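Shown next, in structure tokens, is the structure this report addresses.
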Amino acid sequence: MIFSRLPIELHLMIIGYLGPIDIFHVQLTCTALNGLIEDSSEHIWRHCLRMHIIHNDLFAPSYAHLTTAAELRHAATAPLRFASAYREAVTSNSPISKTTKMLNFPVNDAKDTEEDLMEMYLIPGGRFLLTFKQNSVSLWDIRSAPNVELSVSTEIGDYNSMLYLDAVSDNTIRVIYLVDGPDANQKVVSHYRFLELRWTAEHTFTVHHLGALALVHNSEISMQSLSITESRIIILLGDTTVVWDYQNNSCTGWRLMGVSIPSELFSNDRYVLYLTNEGIHGVSFFDFNPVTGGYVKMDALSAHPVSPAFSVYFKEGPYDLIGNILLPNKVWVSDSDIPIDGETDLNIYIRESSFTLKVDRESEALPLQLCPDGRWEQELPMGYDIGHFGDDELYGTLQVHRYTFNYCPSTPATSSLTRVSTTKHTIPPMRNSRYSAECYPARYFSAPFYQKCDGPETAVTLWSDGGDEADFFGEGAKPVFFSFVDDRMEGSNKQVTMVPFINPRQFTTQAWVLESEVCPASAKGVVMWGDDGDDPHDIPAQDGVLGKWVELYEIGRIA
């Protein structure tokens with residue numbers, strides 16, 4: 001056999017291109033290869049883990065403490081455990097299997113408890129948890145859960161909300177957030193702050209406050225999207241785009257004309273690219289001006305109307321991508337913070353619902369359709385206002401379309417926007433639930449979260465129910481479900497089942513999910529719970545503040 005005559009170094013090089021499943025299969029082929037892999041297991045699994053980190057955009061320091069072959073193999077095979085747990089949950093019609101640990105944050109004084117936590121974010125890789133309090137941001141090492149260790153903390157002023165979080169390169173976490181500050185001359189002022197947490201050779205973090213920007217505008221306005229390219233931070237506020245070069249403390253901006261309201265934006269060194277109902281539109285950068293006096297006036301930027309330099313349209317569109325209170329997220333984009341250079345396709349996922357009205361044959365004079373099971377129904381036009389129909393009057397279909405955007409740097413107008421697949425998302429009927437599974441996902445489910453699991457063609461989406469309309473789990477509850485789409489499977493039209501991340505029976509009128517995060521590529525998730533102080537797990541509420549606690553979940557069976 002020619003392969004057996006190759007030098008060991010070439011064997012290891014070839015094995016280095018394999019994923020975990022293929023490595024396991026190679027071990028089963030013969031005693032010699034099994035022995036080779038076992039003898040070189042630390043080298044092989046370290047390389048495999050490195051490829052896993054790159055393919056799934058994970059934060060490399062999350063794995064810096066791993067030393068043995070068993071630890072490296074366990075980390076590299078996390079997507080297999082997640083996928084297996086997902087399939088088991090689909091088959092058994094039950095929540096995804098997981099082990100639970102309630103995190104024990106150190107308490108230094110009466111104020112340093114979970115009640116002060118406002119937001120939390122699990123850094124991709126599953127080792128570090130970022131938390132915000134009223135006046136500080138902290139990064140916690142949760143690898144020894146339930147105990148957690150503070151990695152770094154810094155004062156940030158009067159915190160309002162987090163706008164952007166990304167782990168970049170091999171050692172940096174970028175954070176952009178809003179703080180509350182004074183208004184100016186009866187104008188509203190938005191105070192932006194930008195900081196980086198950098199991993200050092202000593203396996204510690206340092207904090208770097210990189211800049212501050214104050215935007216003055218006439219009224220309250222919400223940010224639709226934000227992107228970073230090199231030193232440029234691009235903020236979309238209404239129809240106005242603000243581009244801030246934080247290294248040079250300069251700014252430019254314009255008012256976008258001629259297209260519908262953008263839902264997302266991304267960029268490269270030449271263009272800001274807007275995703276709208278119709279497609280993608282590119283706008284060239286304007287000249288930058290120094291930021292003087294610490295403020296930038298939105299009126300001055302809005303005075304520069306601009307139309308796209310080029311557009312690339314959805315062939316199957318237009319779509320309705322504008323979020324609302326019930327469905328805040330109708331589109332999500334992978335790798336939107338990587339400059340669009342034409343080397344890597346951008347994945348765009350679009351949520352679309354359609355509805356059919358249940359019709360009483362004897363009382364409704366509409367064109368009807370008789371279904372094979374004897375039901376009569378009326379298909380409603382796409383975009384039809386279903387607000388005056390009850391849940392029990394509708395059937396609903398939730399689909400997710402995956403598009404790839406291939407940018408052509410030499411002639412941007414010839415770039416392509418291609419629909420790769422469409423996946424129907426369903427949820428099975430759940431015992432003792434008060435909602436109608438026949439329309440509920442299509443009507444209420446929004447996707448606040450998306451991550452890769454095992455490479456760019458896999459998508460794990462975390463769904464919530466859109467908020468106050470869903471009161472069957474208790475006021476304020478946000479039930480969370482998973483869907484797992486693997487476009488490596490053959491066929492462009494697929495169907496997947498949403499499975500509960502949290503057991504719906506855990507939701508009562510006394511406890512609800514405040515925040516939820518998942519990292520499928522590390523098979524970990526976290527949930528921040530809140531209640532009115534009656535739960536036995538609750539940290540005692542002080543001064544009327546709701547009690548809170550945080551749980552870490554290890555998803556799948558742990559060998």
Side-chain angles (χ1 to χ4, degrees), residues 1-87 124-127 167-171 334-335 338 341-347 402 404 406 420-421 451-460 484-491 519-524 555-559:
M1 182 178 179
I2 296 177
F3 184 76
S4 63
R5 301 194 201 115
L6 294 176
I8 291 178
E9 292 78 11
L10 286 180
H11 284 171
L12 294 177
M13 184 179 297
I14 294 170
I15 293 171
Y17 286 97
L18 304 179
I21 285 289
D22 294 324
I23 293 175
F24 293 145
H25 288 167
V26 169
Q27 285 188 276
L28 296 174
T29 58
C30 67
T31 303
L33 286 174
N34 179 66
L36 173 65
I37 292 174
E38 288 299 317
D39 292 342
S40 307
S41 58
E42 182 180 337
H43 168 79
I44 289 172
W45 287 109
R46 188 176 296 279
H47 181 77
C48 186
L49 176 59
R50 182 59 186 166
M51 293 299 99
H52 173 56
I53 292 170
I54 293 172
H55 292 157
N56 294 289
D57 303 324
L58 304 178
F59 188 49
S62 302
Y63 305 95
H65 62 293
L66 304 181
T67 57
T68 68
E71 291 173 334
L72 297 166
R73 181 175 61 245
H74 180 79
T77 55
L80 303 182
R81 295 193 301 278
F82 182 93
S84 177
Y86 174 81
R87 289 192 296 268
R127 174 180 170 181
V168 296
S169 67
D170 280 341
N171 63 354
S334 71
D335 303 325
I338 298 176
D341 54 11
E343 295 183 3
T344 304
D345 288 349
L346 185 74
N347 285 319
R402 176 190 167 212
T404 57
N406 181 263
V420 175
S421 65
Q451 270 194 20
K452 301 173 186 175
C453 179
D454 193 12
E457 293 189 312
T458 60
V460 172
F484 182 19
V485 177
D486 189 346
D487 276 336
R488 296 171 299 186
M489 299 171 58
E490 293 184 2
C519 176
S522 66
K524 293 182 180 178
I555 299 170
R557 302 183 189 278
I558 301 177

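Values in this document were obtained by computation on a predicted structure and should not be read as measured data.
No side-chain heavy atom of Thr458 sits less than 4.5 Å from a side-chain heavy atom of Asp487. No side-chain heavy atom of Leu346 sits under 4.5 Å from any side-chain heavy atom of Thr404. In this structure the side chain of Ile44 never reaches within 4.5 angstrom of the side chain of Leu36, judged on heavy atoms. By the 4.5 Å heavy-atom criterion applied to side chains, Leu58 and His52 are counted as neighbours. Taking the side chain as every heavy atom from C-beta outward, Arg488 and Asp454 approach each other to under 4.5 Å. Taking the side chain as every heavy atom from C-beta outward, Pro20 and Leu80 approach each other to under 4.5 Å.
In terms of the side chain to side chain donor-acceptor pair (under 3.5 Å) criterion, Asp39 has no residue partners (sequence neighbours excluded). For Gln451, the side chain to side chain donor-acceptor pair (under 3.5 Å) criterion is met by no residue, not counting sequence neighbours. For Ala70, the side-chain contact (heavy atoms from CB on, under 4.5 Å) criterion is met by Thr68, Arg73, not counting sequence neighbours. Partners of His25 by side-chain contact (heavy atoms from CB on, under 4.5 Å), not counting sequence neighbours, listed by chain and number: Ile21, Asp22. Residues that satisfy the side-chain contact (heavy atoms from CB on, under 4.5 Å) test with Arg87, not counting sequence neighbours, are Ala83, Ser84. Ser41 is linked by a side chain to side chain donor-acceptor pair (under 3.5 Å) to nothing, counting only residues two or more places apart in sequence or in another chain. Applying the side chain to side chain donor-acceptor pair (under 3.5 Å) criterion to His65, with sequence neighbours excluded, gives Arg127. Qualifying side-chain contact (heavy atoms from CB on, under 4.5 Å) partners for Arg46, counting only residues two or more places apart in sequence or in other chains: Glu42, Leu72.
Of the inter-residue distances, the one linking Asn34 atom CG with Ile23 atom CD1 reads 12.5 Å to the nearest 0.5 angstrom. Interatomic distance, Tyr17 OH to His47 NE2, rounded to the nearest 0.5 Å: 7.5 Å. Between the SG atom of Cys519 and the CG atom of Asn56 there is a distance of 8.0 Å, given to the nearest 0.5 Å. In this structure, NE2 on His55 lies 10.5 Å from CZ on Arg50, to the nearest 0.5 angstrom. Going from atom NE2 of His43 over to atom CD1 of Ile15 covers 9.0 Å, rounded to the nearest 0.5 Å. Going from atom CG of Asn347 over to atom NZ of Lys452 covers 7.5 Å, rounded to the nearest 0.5 Å.
Nearest heavy atoms, Ser62 versus Gly126: OG-N, 4.5 Å. Listed here is the closest heavy atom pair of Leu33 and Thr29: CD1-OG1, 3.4 Å. Among all heavy-atom pairs drawn from Asp57 and Pro124, the shortest one is O-CB, 3.8 Å. Closest approach of Cys48 to Ala76, counting heavy atoms only: SG-CB, 4.2 Å. Residues Asn171 and Pro61 come closest through the heavy atom pair CA-CG, 4.3 Å. Nearest heavy atoms, Pro520 versus Phe82: O-CB, 3.7 Å.
Ring-centre distance between Phe24 and Trp45: below the 6.0 Å cut-off.
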Inset, instruction - For Tyr63 and Ser522, run side chain to side chain contact (heavy atoms under 4.5 Å, CB included): C-alpha distance rounded to whole Å, both residues' side-chain angles, the deciding distance at 0.1 Å, then the answer. - result: CA-CA 10 Å; Tyr63 305 95; Ser522 66; 3.9 Å; yes
Legend entry - Leu49/Leu66 under side chain to side chain contact (heavy atoms under 4.5 Å, CB included): CA gap, chis, key distance, verdict: CA-CA 10 Å; Leu49 176 59; Leu66 304 181; 4.1 Å; yes
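Checking side-chain atoms of Thr77 against main-chain N and O of His74 turns up a donor-acceptor pair under 3.5 Å.
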